[in-house]
Amino acid sequence: ADWYPYDAAKIEPPFAADGKSVDVTYVPLDKASKPWNICVSFPHMKDAYWLGVDYGVAEEAKRLGVKMNLFEAGGYTELDKQISQIEDCVAAGAQAVVIGAISADGLNNLVSEIHKKNIPVIDVINGISSPDISAKSLVSFYTMGSEAGAYLAKKHPAGSEEVEVGWFPGPAGAGWVSAANQGFLDAVKGSAVKVLEPKFGDTGKEVQLKLVEDALQANPNIRYIAGTAVTAEAAQGVIRERGLQGKVDLLSFYMTPGVYEGIKRGFILASPADSMVIQGRIAVDQAVRILEGKDYIKHVGPKIFVVDPSNIKDVSPTNILPPDGYKPVFNVN
Amino acid sequence: MDNANTPLVEMTRISKEFPGVKALDGVDFRLQRGEVHVLFGENGAGKSTLISILSGLYRPTSGSLRIDGEEVDLRSVHDAARHGIGTVFQEFSLIPTLRVFENVYLGRELKRGPLTDRRAMAEGARALFHDLGFEIDIRRRVSTLSRAEQQMVEIAKVFLGKARVLILDEPTASLTEKETRKLFAFIAKAKADGVGIIYISHRIQEFREIADNISVLRDGRLIGTVSARDTSEKTLVELMTGRAIDQIYPEIGRQPDGRTLMTLRRMHGAGFHGVDIDVRAGEVLGVAGLVGSGKSRIWRSVLGLQPIRSGTVTLKGRDVTHAATRHMLRGGVYYLPPDRKGEGLQLAATARENIKLNLLGRAEIVGRLGIVAPRRARALADKIGERVGIASAHMGRIVSKLSGGNQQKVLFGKGFGEERDIYIFDEPTVGVDMGTRAALYRLIKEIAEAGKAVVVISSDLPEVMNLTHRLLVFSKGRVSAELTGTEIAEENVLKYFFAETGIQP
Amino acid sequence: MTIQSSRTEDAGAPRTRANILLAAIRYVFLRVGVLPFFLVFSLVVFSLISNQFLSIQNLTNVARQSVYLVLVSLGQMLVLITGGFDLSVGTAIAMTSVVSAMAMVALAPVMPDMIWLAILLGAGAGLGAALLIGCLNGLGIAQFDVSPFIMTLGVQSVGAGIALFLTGGVPISGLPYDFGNFFGFGRVLGIPVPVMIALLAIVGIWLLMNRTKLGSHIYAVGGNVRAANLSGVNTKRVLFLAYVLCALLASLAGLLLTARVESGETNLGGTIALESIAACVIGGVSLRGGLGRVENVVLGAFFIVLLQNGMNIAQIGSYMQMVLLGSLLVLAVILDQFRYRMLVGDR
Amino acid sequence: MTIQSSRTEDAGAPRTRANILLAAIRYVFLRVGVLPFFLVFSLVVFSLISNQFLSIQNLTNVARQSVYLVLVSLGQMLVLITGGFDLSVGTAIAMTSVVSAMAMVALAPVMPDMIWLAILLGAGAGLGAALLIGCLNGLGIAQFDVSPFIMTLGVQSVGAGIALFLTGGVPISGLPYDFGNFFGFGRVLGIPVPVMIALLAIVGIWLLMNRTKLGSHIYAVGGNVRAANLSGVNTKRVLFLAYVLCALLASLAGLLLTARVESGETNLGGTIALESIAACVIGGVSLRGGLGRVENVVLGAFFIVLLQNGMNIAQIGSYMQMVLLGSLLVLAVILDQFRYRMLVGDR
Ligand SMILES: Nc1ncnc2c1ncn2[C@@H]1O[C@H](COP(=O)(O)OP(=O)(O)OP(=O)(O)O)[C@@H](O)[C@H]1O
Ligand SMILES: Nc1ncnc2c1ncn2[C@@H]1O[C@H](COP(=O)(O)OP(=O)(O)OP(=O)(O)O)[C@@H](O)[C@H]1O
Ligand SMILES: [Mg+2]
Ligand SMILES: [Mg+2]
C-alpha cells in the first residue's frame, strides 16, 4: 500500500511568512538513481510524535533505496549537541541533511555553512529561519491550533449557549506551543466558546494530569478540555474517575497513537492530524530530488484534517502515526 | 623594640569555653624575646587550647592578647602568621595530596612576578631540610610519608617562616633521638636570634635541656610559672596533678590465674612488627608507648579496622585472624576507640540512642523479625546510663552537647550493651577531667573484678602505671618490655619507651 | 556558641509573651525544622489569594497528587539518612512503568480468565526491574565505594537508555482495565487506592525506621559510619539495603503512576529525583546523613505538591515557579544548616 | 598498603617483558588514571569501524566541538578539586547567552559606528550575569556552608527560571554579524577563534593551578580543608573564588556558543553540568577533592566529545550511547577508586 498520491498544501511564494496556501497532490519519486547518504537530526525521540517522523523518514529512505542515518539530541535543551551531531554526520559524508530543529534561529549559521558545501538542508516539522534552507516539509502549528479551535467554534457558533474550555497548549515558550496557542485563540474568536486562562506545562503525563485536575478543581463548569495530545491522554482517566464522561469532552491539537486510540474508543472527541509520517516522507523525497537535480516543491506540507469518530474508520493510520510496536530506526543502509 | 621589657606575647585573663567544657579559665601568660617557655600539664589541661588562641585558630571567650605591647584580635591562622606567629599544631596541618615542599610553603608561596616560583620553593625547602638535618625527599607526596617524617615536615614548616614567636605542640612525640637533637640545636639558634618559643611536651627530661621557664596548667587554670633550672621533676609532677595519686586510682583486685582469652602471635602489620600478646581474664593489661609506637594499631588490626599482614589472632580458642569488626564484637570483644567524636559516637543522636544501638544484638530487645521492643530497650539503656553514672536528665540530650566526661561515660555504657569478655580501652580518659576519671577507673575496676579481661592503652603514663597488673611497653612497633608488679615504675617505663627494638633488660 | 549566648539572654530577660513565642518557635524549629513555618505561611498566602484553595475537594486532590512524590521521598529519605543520595529514582519509575506495562500487555491475552494474575505478574516484573537498579546502586556504593552521585547518575543514564530502547519512547497502551480502575482510580472505604497504599507505605517505613533493627542501623550508618562499624553494624549490608528499598519504593510509585496514566511510559519521573531530595531536605533530613524523620518527610513532599497546586491555582507562571522552588530549597538548606549547628555544635 | 605489598611482589619476580609492560601500565595508571587506556582503546575501535574517523577534517571537527565542554570542564575541575561540584554551569551558559544577546541587540542600533563596543559591552553583560551566579554559589557554599549539591541545584533552578522569563523561551536573534563571524567562525593564523580562545584558557588555568598561590590553595582546600586553615589559607575566600571562576569559564563557553548559534538561547547546556563532571572524573579528578590535573581534564573533555563523535560516525543509536556513557562513567570511577587507594594508602 503506497502512501501517495497525498493531499498536500504548498506555500506560495515559498518560505514567505505571509505566503498563500495552494492545494496540491504530492507524488514522490519511484526510486533514487543511486544510494545517496542522507542524514537526519531530531530534537529527541522520546515520544510517539517523533517516532512517527522517524517511521516516515526511514520508510521513505527504504522505499527510495537511499541510506539514512538518524540522530536525536536528547531533548529541547540540547541545541549544542544537535549542532555537534549534524557536524559529525556531515563529516561522516552525508550528502543531504534533514533537520527537525531545536531552535528556529540557532542553527542558521550551521545551515549556511552546510549550504556552502553544496549540501542541501531540508527543514522538517519545526521550522528554521535561515534563507539557506533548500526545502521545507512542514505544516504550521498555527493551523493545527486553529483547526482544533475551528472544530469547537463550529459546534458552538456565536449566539448559542456559552461553553467553557480549559486550554493546555504545552510548555510555555516553545515555538510550536505559542503558534498553536495563537491559532486556537484566533479560531474561537467570535464564537460561543469561552477559553479559560491557558495553562502551560511540560508535556509529561504527570504534569498535565496535575494541571487538568487543578483546572477541573478551579472551574467546575468546564465543558471541554483541549490541549496537547498528552493532556488529552492523561485526562481520560480523570474524566472517568470523576464520572464526567459525556459532561466534559477532550480535544487534542495534534495526533498520537494514544489520541487515535482514544478517539476510536470514544474517550476523546477529536484531533487534527498533521500526518507527521508524511512530513518525514516528503522531506526525504525532497532531499533525493534536490540531489538528483529534479523538480521539487520548495515548501510543502500534508493537508491538515480533523479526525473524529465520524471519519476515523476511513483514515489510514499508517500515514498519521507510527505503526504499533514500531521501534526507532536509526540507520537505513 | 624600644622598650626591651615589653613582653613579646602577653595573654591576660584568657578564658575559653567549648559547649560543656571550660577549657581555659582566666589564664595569664607571658613570653619574652629569646625565651623558651614550656607549657606543662596533663591531658586536657588546656595547653593546646591556649596556644590555639595565640595561633588565631580559636577566639577566646574572654581575655586580651598583646603582641609586642600592642593589643591584637587574631581572627585566623593567617592573621596570626602576619603577626609573626608560627605554630606546629598537635593535630597535623599537612595536605596529604600535596608534595612536601608545597606543604612547607603553603600559605606563603614564593613568587616571581605574578607567578609562584616552584624551583625557588623546591630549592628553599631542600636547603631548609638540609640545615635541619632531616632526610626527606621534598618532592614526595605527604600521604606517602611516615608519621615521623610528617612530623619533620611540620617542624620544617614553622622554621621556614621568619616567625617571632614559635609554638611547638609536642613536636618530638614521634621523633627519634637523632632528630630531636637537631631540633634542639635549631631551637637554641632561634632563641639566640631573639625568637620567643612556646614548647609543649610531656617529656620532663627535655625541659632541663632547653627550657627557661615552665608554666603548669591544670583543668584550664594556670597553677604557676616556675624557673626550669630551680624546679625538680618531682615538684613539677606534683604541680601538674595537684593531688595524691591514690585518691584517683582504685586498687584493682587481680584473679590469680585467669584463663587466657585472646592470644596474638607473630603479628605483623602497618606499625607493628612481630608482636605476641596474651590477654587474660580478671586482669588489667596496660599498653604504653610513644605516639606512633604501634600500641594502638596492633589492637585496631585485631578488631579488623586495619589489615593484618601476617600472624594469628585466637579468641577463646577460635582463629579470628581476619574477622570483620562485627564478628569480633559478637565474639565478646568491646573496643573503646580513642577518637570518640570520629569513631565512637553518633554525634547527632541522644545519649540514650547511642547506648541503644549496642543493645540491638540482645534477643530480649529485638524480636525474630528485627522488631525492636522500644520500652524494654529504653529501660535497659537507662539502667546502663545509671550504672555508668550519667544523670537521667542527660540521657535524652544530643550527645555532642554533653561534656567530654559524659560523652566518655556514654562510650563506656555502649560496652555494657551486651555480654562481653574482653574490654579494650584505647585512651579511656582522653580529655576527661579528674572527677570523671575517678568514676571511669572505678568502672574499670568493676569490670576486671567481675572476671573480664581488660586492656588499657594509654599515653597517660600515671594511668597505665596505676591501673594495670601487667604493662606492655611498645617501642617502634615492638613490645620492648613486659613489666609486672613493682617493675611498673616511671623510670623503668620511660627507659623502654626509647629502647631500641626488642632489647630486654 | 549561638545557643549558649541566646540561652543566657533568655534566662536574664523577663519572661515576656514575645519571649515565650520566640522560645516556642525555637523549639519547633530545632525539633522539626523549617517546614511547619513554610507550611503555615503558604497556607495563609494561598487561601488569601484563592478561596478554592482550602476546599476539602482541593485538599483531597492534593493528597492524591502527592502520593507519588511521598513514596519516592520515603525511599530517598532512606538513602539520604545513610549519607548518600539516589538520582536514579526517576529511572526506576520509568523502568517499572515500561516493564510492568509490557509484561501485562503480553500476559493479559494469554490468561484472559486470570487477569489479576497477569496484573500481579506484571507488577512483579516491574518491581523486579527496579530491584535490579537498586542492587546495582547498592553494589557500586556499598561494595566499590563509588560516590553515590556518580553511581546513581551512571545507572540513571544506563536505565533511561534501556527503557527508551525497550519502547522507542512510545507509550505502551492496552493495559488491563482492572489495573487502572483499581490502582489508579479505585476507592476502598471511600479512600482512593493510591492514597491507601501510600498510607500503608508510610506506616511501614515509620515502623522500619522507628521499631526495627535495620532502621536503627540506617540512622547509625548515616550518623557516623565508623562508629556504627564499631557498634557491630554490618555497614555495607545496611547501605545496600537502603538503596534497594529506595528503588522498590520508587518502583511502587511507578506502578501507581502507570495505573493512573494507564500506559507504560518512559518519560515518567523526569524531575522526581531532585524533587524528592528537595522534599526530604525541606522535611529536615540532613544531607550529612543520620538525621531525618518519616513524618516530616511526608509533610515535606506534601508541602511541595501543595505549593505547586497553590501556585497553579494562583496562576503563577511556570518560570516564576522554578525561581520560587529553587530559592525555597536553598533557603531551607541554609536554615537547616543553622539547625544542625545548633543541634550538634560547631564542628 | 596495596602499593607496598605489590611492590614486594614486583621485586621478587623475575623482570620478564610482561612484567615490565604491567609495571608500565601500573605507572601510567597511577600517574594519569584510566583515561589514556580509554582513549587508545576508543581510537583503535572507531578507526577500525569507520575510516572517516581519523581524517584530519573530522579531528578538527572534534577539536572545535570540544571547545565548549573543555571550557566548562576546566571550571568544573576547579570546584571539584575543592571537594564540591557545580550543577549550575548549564544555567550560567544559558544566562550568558540570553543576557549578552539581549544587550547586544539593544546596544547595536544605539552605537552603529562602534559595533565592537556594543559587542564588548554585551559580552560584559553576559559575563556579569554569570558572575552573579558564581557569587551566589560561592556565598552559599563558602559562607553558609550549604552543600554544593543543593546550592548549585537551587541556583540552577532559579537561573533557568529567570532566563526563560527574560526571553519567554524564544531565541533572541539579530546579533551583530561581526560577533558571530569572529567568535563563532573566525580564524586567526588559520586556527578557529574558539579553539584559540580555548587554548588560551587552558594555558591560563594551567598557570593558575600550577604557578599561582590561588591554585596551590585550591588544591590545599580540597586536600584537607582543616589543615589548609591551620596553614593560614583563607579557605572561605578560596572556595568562593573557585565557584566564581567556574561560573566565568562556563560563561565564556556560553559566549562562544552564542556566537556560534548567532542567537541568544535558553536551550543551551542542558546536560553540560553532568557531562563536565564526567569529563573531570574520567580525567582523573577525584570527587573527594585535592587531586586533578588540568591537562588530563582537557583530555577527558576531549575524550567525551571524541567518543560521542565516534559513536555518531559509527552510527550507534542514541539509546545505546546513553547506556555506554553511563557504564563508562561508573567504570571510570570504580577504577579511580582503586587508584586513590593505591595513591593515598588505605589509611
Ligand atoms: N574543639 C573543641 N570542642 C570542645 N571541647 C574541646 C575542643 N578542643 C578542646 N576541648 C576540650 O578542652 C579541654 C582542653 O583541651 P586541650 O586540647 O587544650 O588540652 P591539652 O592540654 O592540649 O591536652 P593534651 O595533652 O591531651 O594535648 C579538654 O577537656 C578538651 O576536651
Ligand atoms: N607512622 C604512622 N603512620 C601512619 N599513621 C600513624 C603513624 N603513627 C601513628 N599513626 C596514627 O596516628 C594516630 C594517633 O596515634 P596515637 O596518638 O594513638 O599513638 P599510638 O597509639 O602510639 O598510635 P599507633 O599505635 O597507631 O602507632 C593513630 O590513629 C595512628 O594510627
Ligand atoms: Mg594538646
Ligand atoms: Mg593511640
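All chains are named by letter (A, B, ...) in the order of the sequence lines, taking the proteins before the strands, and each is independently numbered beginning at 1.
Using modelled atom types and a 3.5 Å distance limit, the side chains of D/Gln321 and D/Gln308 yield no donor-acceptor pair. Side-chain contact of A/Asn181 with A/Tyr142: a donor-acceptor pair under 3.5 Å is absent, judged by distance alone.
Relative orientation of the A/Trp176 and A/Tyr254 rings is perpendicular, given thresholds of 30° and 60° on the angle between their planes. A/Phe330 and D/Tyr319 have perpendicular rings, their planes meeting at more than 60° on a 0 to 90° scale where under 30° would count as parallel.
Residue contact with chain D, scored on non-hydrogen atoms closer than 4.5 Å, involves the side chain of A/Glu113 exclusively. Using a 4.5 Å cut-off between heavy atoms, D/Ala253 makes no contact with chain A at all. The parts of D/Leu268 that come within reach of chain A are both its backbone and its side chain, each placing non-hydrogen atoms under 4.5 angstrom from that chain. In this structure, the portion of D/Glu265 lying under 4.5 Å from any heavy atom of chain A is its side chain and not its backbone. Interface residue D/Arg260: backbone and side-chain heavy atoms are both found under 4.5 Å from chain A.
When the candidates A/Asn109, A/Asn331, A/Leu79 are compared by the number of heavy-atom contacts under 4.5 Å with chain D, A/Asn109 comes out ahead. Between chain A and the options D/Phe53, D/Tyr68, D/Phe185, heavy-atom pairs under 4.5 Å are most frequent for D/Phe185. Between chain D and the options A/Ala91, A/Ser84, A/Gly74, the largest number of non-hydrogen pairs under 4.5 Å is found for A/Ser84.
With hydrogens and angles ignored, the 3.5 Å screen pairs no side-chain donor or acceptor of D/Ser251 with any backbone N or O of D/Ala247. Listed for the A/Gln95 side chain is no donor-acceptor partner under 3.5 Å among the backbone atoms of A/Ile38.
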